[in-house]
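Here is the structure we will look at, set down as structure tokens.
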Protein chains: 2
Amino acid sequence: MHNLLSNLRVDINSNLYLKDPESSSLGINIVKSSIDLIDLHGIEEFNFKKLAKEIGSTESSIYRYFENKHRLLLYISSLYWGIMEFQVVVQTSNMFDDMEKLLKALETLFSTPQTKCTSFQVEGQKLRHILNSEFVKAYHHKLVDEENEAGYFSIYKRLSSRLSGMIAAVNTNYRYSNSLSSLIIEGSLNQFFLSEHFHNLTDCHSKDNLYLFYKDLLTKTLTS
Amino acid sequence: MHNLLSNLRVDINSNLYLKDPESSSLGINIVKSSIDLIDLHGIEEFNFKKLAKEIGSTESSIYRYFENKHRLLLYISSLYWGIMEFQVVVQTSNMFDDMEKLLKALETLFSTPQTKCTSFQVEGQKLRHILNSEFVKAYHHKLVDEENEAGYFSIYKRLSSRLSGMIAAVNTNYRYSNSLSSLIIEGSLNQFFLSEHFHNLTDCHSKDNLYLFYKDLLTKTLTS
DNA sequence: AATTTTTGATAGTATTACTATTATATTTGC
DNA sequence: GCAAATATAATAGTAATACTATCAAAAATT
């Protein structure tokens with residue numbers, strides 16, 4: 001498994017970039033450093049001028065890779081969801097009990113992405129932190145419909161669909177597998193955010209607690 | 001009850017504005033027309049220049065009421081949550097069965113805010129639509145911690161806390177009432193958004209279906 | 001070595017998000 | 001009804017952002 005993981009290349013929609021960042025060291029630097037900067041200061045404070053300074057390049061060079069910072073955020077988001085999807089698939093592949101499988105998927109969703117196994121050697125925690133704080137802004141966006149149409153969210157949607165399938169496998173009579181799936185995936189980002197910024201709005205201040213909360217929710221909802 | 005409703009004044013944190021918009025017809029116009037414009041074009045496309053043109057006033061006049069459009073969005077959000085909280089309190093006030101009470105609160109959260117009863121005579125649907133699309137951006141914001149400290153989210157948090165209390169009343173042994181409460185409130189916005197923009201990610205394409213989904217989730221989670 | 005591609009350096013534009021100033025209404029107190 | 005206070009309008013201006021354009025230099029490819 002380690003061999004597989006060490007060569008992970010997420011198949012990101014090629015319209016998200018102008019030039020494939022994985023095709024050059026500048027491109028890889030752009031993505032790596034943008035993850036560092038967005039993690040540190042947030043997407044609002046982030047711009048291509050600052051990024052250029054950080055990597056010792058120029059704005060115009062960065063614009064040759066990405067049309068704008070929003071597209072770059074979508075790229076980073078796809079990277080995250082691609083890694084998570086891969087981890088969910090790997091972790092659940094040899095399981096036969098449907099509930100066990102679902103719970104393993106759940107656990108995986110709350111774990112840190114194995115970013116080290118891609119071309120972008122960054123801390124998985126940084127990537128996760130960006131998604132927790134910024135992903136909602138990526139899709140609550142004025143262009144959401146045309147970007148969705150263009151397939152910029154397809155990995156995210158595919159993951160949600162997989163999870164929905166696992167839910168349906170556990171209980172074929174359950175009528176809300178899609179809603180429950182997106183609730184969990186959304187929650188896997190949001191509850192971390194709440195813990196960080198609105199402490200009193202959640203009881204889950206650790207990965208483990210979060211898992212137990214959703215495990216309880218899932219098992220009771222699907223088996224009673 | 002109708003008398004009460006017709007005079008609803010939400011107590012919004014006075015630091016959110018420079019001059020109380022309810023104190024003049026220009027102020028009321030600013031809020032009303034901003035709701036119209038944000039509903040129509042989204043917060044990104046919205047600015048004080050366009051708003052000034054819309055109401056036949058000037059940017060400088062608007063800046064005397066609100067420091068910037070972000071604060072205005074927080075004001076509008078507080079208005080929404082204040083109305084929802086009021087409705088939840090009114091609707092559940094005479095109920096004695098805890099589960100019945102919780103479900104009534106849930107139902108109320110999915111209903112349209114009674115905006116007509118405030119100084120701002122706008123369509124409740126517009127307000128709800130703005131919250132569905134834009135509220136996440138209001139709190140996934142670089143200044144979230146200091147704004148939270150300043151009490152700009154207090155109505156939202158109080159509503160979540162109320163709901164959490166209702167959950168705890170139904171099942172005193174349940175350990176995640178805060179998380180479940182925020183999950184529901186968050187969901188009351190997000191699932192509508194999914195239905196509009198990511199149709200396949202949810203099974204709930206009506207208020208009624210949404211209610212049934214969460215009712216199922218709540219009853220199974222709290223009573224089994 | 002020649003050619004193509006990539007990157008850097010520099011300059012410039014339109015828009016946004018404000019701030020400042022002064023003039024003109026409008027309201028309020030007497 | 002008039003003076004004083006306050007609110008609003010009109011206009012101008014600034015700093016930052018999000019780009020676009022152009023050309024030269026460097027690097028990679030053939």
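In what follows, chains are A, B, ... by sequence order, proteins preceding strands, each numbered from 1. All values below were derived from every heavy atom in this structure, side-chain atoms included, with hydrogens, water molecules and symmetry-related copies excluded. Here the structure is a predicted model, which means the values were calculated and not measured.
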Presence of A:Tyr65 side-chain N/O under 4.0 Å of C:dT7 phosphate oxygens OP1/OP2: yes
Indicate, with yes or no, if the rings of B:His197 and A:His140 have centres closer together than 6.0 Å. no
Between atom NZ in A:Lys142 and atom P in C:dT15, what is the gap in whole Å? 13 Å
How many Å lie between CG on B:Asn47 and P on C:dA17, as a whole number? 6 Å
Is B:Tyr63 touching bases, backbone alone, or none of the nucleic acid, heavy atoms closer than 4.0 Å? base
Please check if the distance between the ring centroids of B:Tyr139 and A:Phe193 is under 6.0 Å. yes
State plainly whether the residues A:Asp11 and A:Arg158 are in salt-bridge range, i.e. N to O under 4.0 Å. no
Between A:Phe110 and A:Tyr211 (judged by ring centroids, cut-off 6.0 Å), do the two rings come close enough to count as a pair? no
Give the nucleotide from the list C:dA17, C:dG8, D:dA18 with an atom nearest to the side chain of A:Ser61. C:dG8
What is the nucleic acid contact for A:Glu59, judged by heavy atoms within less than 4.0 Å: base, sugar-phosphate only, or nothing? base
Nearest to the A:Asn68 side chain among C:dT6, D:dC19, D:dA18, which nucleotide is it? D:dC19
Below 4.0 angstrom from OP1 or OP2 of C:dT7, is there any side-chain N or O of A:Ser24? yes
Between CD on residue A:Glu85 and CD1 on residue A:Ile155, distance to nearest 0.5 Å: 7.0 Å
If I take atom CG in residue A:Leu51 and atom P in nucleotide C:dG8, what distance separates them, rounded to the nearest angstrom? 12 Å
Rounded to whole Å, CZ of A:Phe66 lies from C1' of D:dA18 at a distance of 17 Å
Counting only side-chain nitrogens and oxygens, does A:Ser60 get under 4.0 Å of the OP1 or OP2 atom of C:dG8? no
Once you round it to whole Å, what is the distance between C1' of C:dC18 and CG of B:Leu72? 15 Å
Measure CZ/A:Arg64 against P/D:dA25 and give the value in whole Å, please. 15 Å
Would you say A:Ser57 places a side-chain N or O within less than 4.0 Å of OP1 or OP2 belonging to C:dG8? yes
To the nearest angstrom, how far is B:Leu18 atom CG from D:dA7 atom C1'? 14 Å
Could you state the atom-to-atom distance from CD1 of B:Ile62 to C1' of D:dA10 in whole Å? 14 Å
For C:dT15 and B:Lys49 - does any side-chain N or O of the residue sit under 4.0 Å from the phosphate oxygens OP1/OP2? no
